[in-house]
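Below is one structure; the comments refer to it alone.
All residue numbers in this chain count up from 1 along the given sequence.
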Amino acid sequence: MRRNLESQAGLRAWAAGRMGAVGLVALIGWPGPVRADVVTDWNLTTLQAATAAGVPQRQQRVAAMVHAAMHDAVNSVEPRYEAYAVHVSPSGEASIEAAAVQAAYGVLIRLLPAQAALLDGARSASLSQIPDGPAKEEGLAVGEAVAGQIVALRSTDGSDVDGTYTFGSGPGEYQRTPPTFGNPAVPAFRFVRPFVLWRGDQFRAEGPPSLDSDEWAADLNEVKRLGSVDSAERTAEQTEIALCGAEGSLPMWNRVARSVSAQKQTGLVENARLFALLNLAMVDANIACWDSKYTYRFWRPVTAIPLADADGNDATEADPAWTPLRPTPLHPEYPSAHACVSNAAAKVLTSFFGTHIAFGTATSTCPAGVVRSYDSFQDLADEVGDSRIYIGFHFRSSIRDGAHLGRQVGHWTFQRSLQPVKHHQCRAS
């Protein structure tokens, strides 16, 4: 069930009735009794710093590396789960807070040295809250060792290669899209070594519908009606959903995780695992989605609808003036990256917290004062999928198949990574 709460007063009333004062603070971030920990603090710092990494796919890689390092550093000090990749045994008592801070800082300063002012300030602020002494120093040593090993592990993963692309021109082929007609985003990201999956093509989508099929006609006609900039059939709420869903997956789903972790009052060790699982799943969903996108190279609605008379389907009709609600992203249409990544995130969060979780979120792209609220993580993922129709970027089959791919990645990640270990004995990688 989804709700639209268009005012802060409405949100306060709804949230207070559903989850009490603690949950209300967690939901929308107002000052109150819930205190963030170093994991959630550095999640925010990471998202801020990662913008310097460029395209969203590389930003997601940064977040995955930071949270894998924080998990392994915390888990080295207080071993409850399998390491992602690294175990560093402390030589004595060690602060898990200091280990987490230095692990995050150590990864970020290596990857994004130009962000030193931001990172140094955040590190000083975090460490000022930890008592000085041998435990703090040992925690810092553990975190630094883990950070160095995580960065070294990923240093040859292929993520620094943009790749090249040759555009097609026939029906169904991805073509340059207005208004910029630019080159597609990082075609070679499909070859990046996954973090958890065996291969990028492990869950490759089955492919878009044939252009002579009834499914294709239904897909094109749906987005043609609902996704245009001047659609007379898209409702006001559907427009709102389109705009709210336009935010990038990385900030959206990390914000949701912070809100619900505060609502559930998860501890630092659990948060280290939660945010690692979430961001590992999202980066691998990106890699897997890019594999499918650049395998099928399918055209966008902004190309297909003006050229529909050339698709060989009697149930479609061209509209040369058709324009989407917002400018089309620069990469092939099938499958939807938002659907891939959102469903991977929703699968992890559902597996971690459970099926029925009430929460709300106001994305950075929502109209002013609008907060969307949900009764489950899957509700949000489904709405994100719908948003890509209403904004004019994707076809329904792309949403469906991207969602399936994402759920597979999320399930694989949660079931095979950072598992509890018996007697709290950490397994060194």
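Under the 4.0 Å criterion applied to side-chain N and carboxylate O atoms, Asp401 and Arg396 are not assigned as salt-bridge partners.
Neither side chain, Ser95 nor Glu138, offers a donor N or O lying under 3.5 Å from an acceptor on the other. Residues Asp375 and His356 have side chains that never bring a donor and an acceptor to within less than 3.5 angstrom of each other. With hydrogens and angles left out, the side-chain atoms of His411 and Lys347 include no donor and acceptor closer than 3.5 Å.
With respect to Ser159, the side-chain contact (heavy atoms from CB on, under 4.5 Å) criterion is satisfied by exactly one of Met65, Arg61, Arg193: Arg61. Tested against Glu247 for a salt bridge (Lys or Arg N to Asp or Glu O under 4.0 Å), the candidates Arg372, Arg255, Arg326 yield a single pass: Arg255.
One N or O on the side chain of Tyr84 and one on the backbone of Phe195 form a donor-acceptor pair closer than 3.5 Å. Panel note: side chain Gln202, backbone Trp198; a donor-acceptor pair is recorded below 3.5 Å.
Using the six-membered ring where Trp is involved, Tyr165 and Tyr174 have ring planes that are perpendicular, over 60° apart on the 30 and 60° scheme.
The two residues Ala85 and Ile150 come nearest to each other via the heavy atoms CB-CD1, 4.2 Å.
For the atom pair OG1 (Thr365) and CE (Met252), the distance works out to 6.5 Å, reported to the nearest 0.5 Å.
Counting heavy-atom neighbours within 6.0 Å of Glu93 CD, excluding the residue itself, gives a total of 12 or less.
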